[in-house]
Amino acid sequence: MPAPTLRLRGFDIHKQYLDPAAQKALIDALRPVLKAAPLFSPTTRFGKQMSVRMTSAGKYGWYSDARGYRYESHHPNGQPWPAIPDPVLAIWHDVTGHDRTPDCCLINYYGDGARMGMHQDRDEADFTWPVLSVSLGDDGLFRIGNEERGGKTESIWLESGDVVLMGGAARLIHHGVDRIRAGSSRLLPKGGRINLTCRVVD
DNA sequence: AAGTATCA
DNA sequence: CATC
C-alpha cells in the first residue's frame, strides 16, 4: 500500500502512480474489453443522456436508464461484461491493500466537452469498501465536494497515470468532472480521457 | 439530478 | 459559483 502523494478532503491522490509504459500497457489491456463491450451513453431517469460514454468489466457494470441507477450483469448488447484485465486488478490490490477482487471496473470515456455532474457513488451494498479511480489520457478537472449536496468544493486537475482512492470517511463524498483539457495527452490516438473506477458491489 | 439553466 |  503506497503512501498517497496528496490528500484532499479524505481522498488519497497518487500523482503519476503509473509511468508512461504502464499507462500504455493498461490501454492495450483495455482494447479487447472495449471491442467486446462497446461504449454507450446511458440516460438518467429524467430522460437526459449523459455526455460521458461508458462500459464496464467484471461481474457487474454500472447502468442507468428510465428506471434509475443500478448494476447490471450484462452489457446492453446482451453479453456478460468482459473480465477485468489483470493490470487493473494489480493496481486495485496494491493501492487498496485488499485481497478481495472488485466486482466492477467502470470504464468512463470523456470526449472533448464531456462532463460528469456532482454525485455520490452509492449503488453498492457496502460502503466500507473503497472506490479506486485511474486516469488515462487527457487531463480532467476533478471536483470534490461534501457528503451533503452543495457547499464549498475544491478542484484538482487529474492527469494520465494518476490514481485516486476514495474510501473511509470520504467514501460518500460528492465528486464530479467539470471539464476535459482536450489534446493534453498523446496516450489515446483519438484523444479524450478514460477513467476507470473499480468497486466492490455485493 | 451520474442533468441543465440561471443568477450574482 | 451557487442554486434549483
Side-chain angles (χ1 to χ4, degrees), chain A residues 8-11 13 30 33-34 37-77 81 84 88 92 102-127 129-158 162-167 169-182 192-202:
Chain A
L8 196 56
R9 299 198 174 195
F11 285 19
I13 302 174
L30 289 172
V33 174
L34 292 166
L39 296 167
F40 58 94
S41 289
T43 56
T44 67
R45 72 188 171 92
F46 303 98
K48 302 282 186 180
Q49 192 169 33
M50 296 175 70
S51 55
V52 175
R53 298 164 68 214
M54 61 181 64
T55 188
S56 292
K59 181 180 177 187
Y60 296 116
W62 189 83
Y63 192 71
S64 175
D65 64 11
R67 287 169 38 208
Y69 310 143
R70 62 191 178 276
Y71 283 97
E72 287 282 358
S73 57
H74 291 69
H75 185 278
N77 69 8
W81 306 100
I84 300 175
V88 178
W92 164 272
D103 297 312
C104 173
C105 174
L106 175 60
I107 303 166
N108 283 331
Y109 176 78
Y110 296 76
D112 191 9
R115 292 170 291 136
M116 176 83 71
M118 295 290 280
H119 68 280
Q120 292 172 298
D121 288 29
R122 56 177 316 141
D123 302 312
E124 302 78 28
D126 181 353
F127 301 138
W129 294 104
V131 174
L132 181 84
S133 153
V134 179
S135 295
L136 296 165
D138 286 341
D139 304 343
L141 185 57
F142 187 60
R143 179 144 88 170
I144 304 174
N146 308 96
E147 186 149 339
E148 298 298 322
R149 180 161 263 277
K152 290 183 179 169
T153 64
E154 291 180 85
S155 295
I156 182 173
W157 280 99
L158 293 180
D162 292 349
V163 171
V164 180
L165 187 64
M166 303 177 271
R171 176 62 176 75
L172 289 173
I173 282 188
H174 285 262
H175 55 280
V177 176
D178 282 348
R179 122 175 141 81
I180 299 301
R181 200 142 57 188
R193 171 177 188 257
I194 287 177
N195 185 69
L196 310 176
T197 47
C198 295
R199 302 177 176 83
V200 171
V201 173
D202 281 328

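Reminder, nothing fancy here: chain letters follow the sequence lines and each chain counts from 1.
Contact of the A:D103 side chain with the A:W81 side chain is not registered, since no non-hydrogen atoms from C-beta on lie closer than 4.5 Å.
One atom, CG of A:D123, and another, P of B:dA1, lie 11 Å apart when rounded to the nearest Å. Atom NE2 in A:H174 sits roughly 14 Å away from atom C1' in B:dG3 (whole-Å rounding). In this structure, A:K48 places its NZ atom 16 Å from P of B:dA1, rounding to the nearest Å. A straight line from NZ of A:K152 to C1' of C:dA2 spans 12 Å, rounded to a whole angstrom. Spacing between atom OH of A:Y69 and atom C1' of B:dA2 amounts to 4 Å, rounded to whole angstrom units. Per the geometry, CD belonging to A:E124 stands 12 Å off C1' belonging to B:dA2, to the nearest Å. Across the protein-nucleic acid pair, A:N195 atom CG and B:dA2 atom P stand 16 Å apart, rounded to whole Å. The separation between A:Q120 atom CD and B:dG3 atom P is 14 Å, rounded to whole Å.
Contact record, A:V177 with A:R193: CG2-NH1, 3.9 Å, taken as the closest heavy-atom pair.
With hydrogens and angles ignored, the 3.5 Å screen pairs no side-chain donor or acceptor of A:R115 with any backbone N or O of A:S51.
The 5' end of DNA chain C is approached more closely, in terms of each residue's nearest nucleotide, by A:R143 than by the other of A:R149 and A:R143.
Between A:R171 and A:D121 there is no salt bridge, since no side-chain N of the basic residue sits under 4.0 Å from a carboxylate O of the acidic one. The existence of a salt bridge linking A:E154 and A:K152 is excluded, since no basic side-chain nitrogen approaches an acidic carboxylate oxygen closer than 4.0 Å.
The phosphate of B:dT4 has OP1 or OP2 within less than 4.0 Å of a side-chain N or O from A:R115.
For the P atoms, the distance linking B:dA8 with B:dT4 amounts to 22 Å, nearest Å. Spacing between B:dT6 and B:dA1 at atom C1', rounded to whole Å, works out to 16 Å.
Summarising the base pairing, B:dA8 is matched to no nucleotide, lacking a Watson-Crick or G-U wobble pair whose two defining distances lie under 3.5 Å.
Among the heavy atoms of the strands lying under 4.0 Å from A:M118 are primed sugar atoms or P, OP1, OP2 only; no base atom is included. Within the 4.0 angstrom heavy-atom criterion, no nucleotide atom of any strand lies near A:D65. At a threshold of 4.0 angstrom between heavy atoms, the contacts of A:S64 with the nucleic acid are absent.
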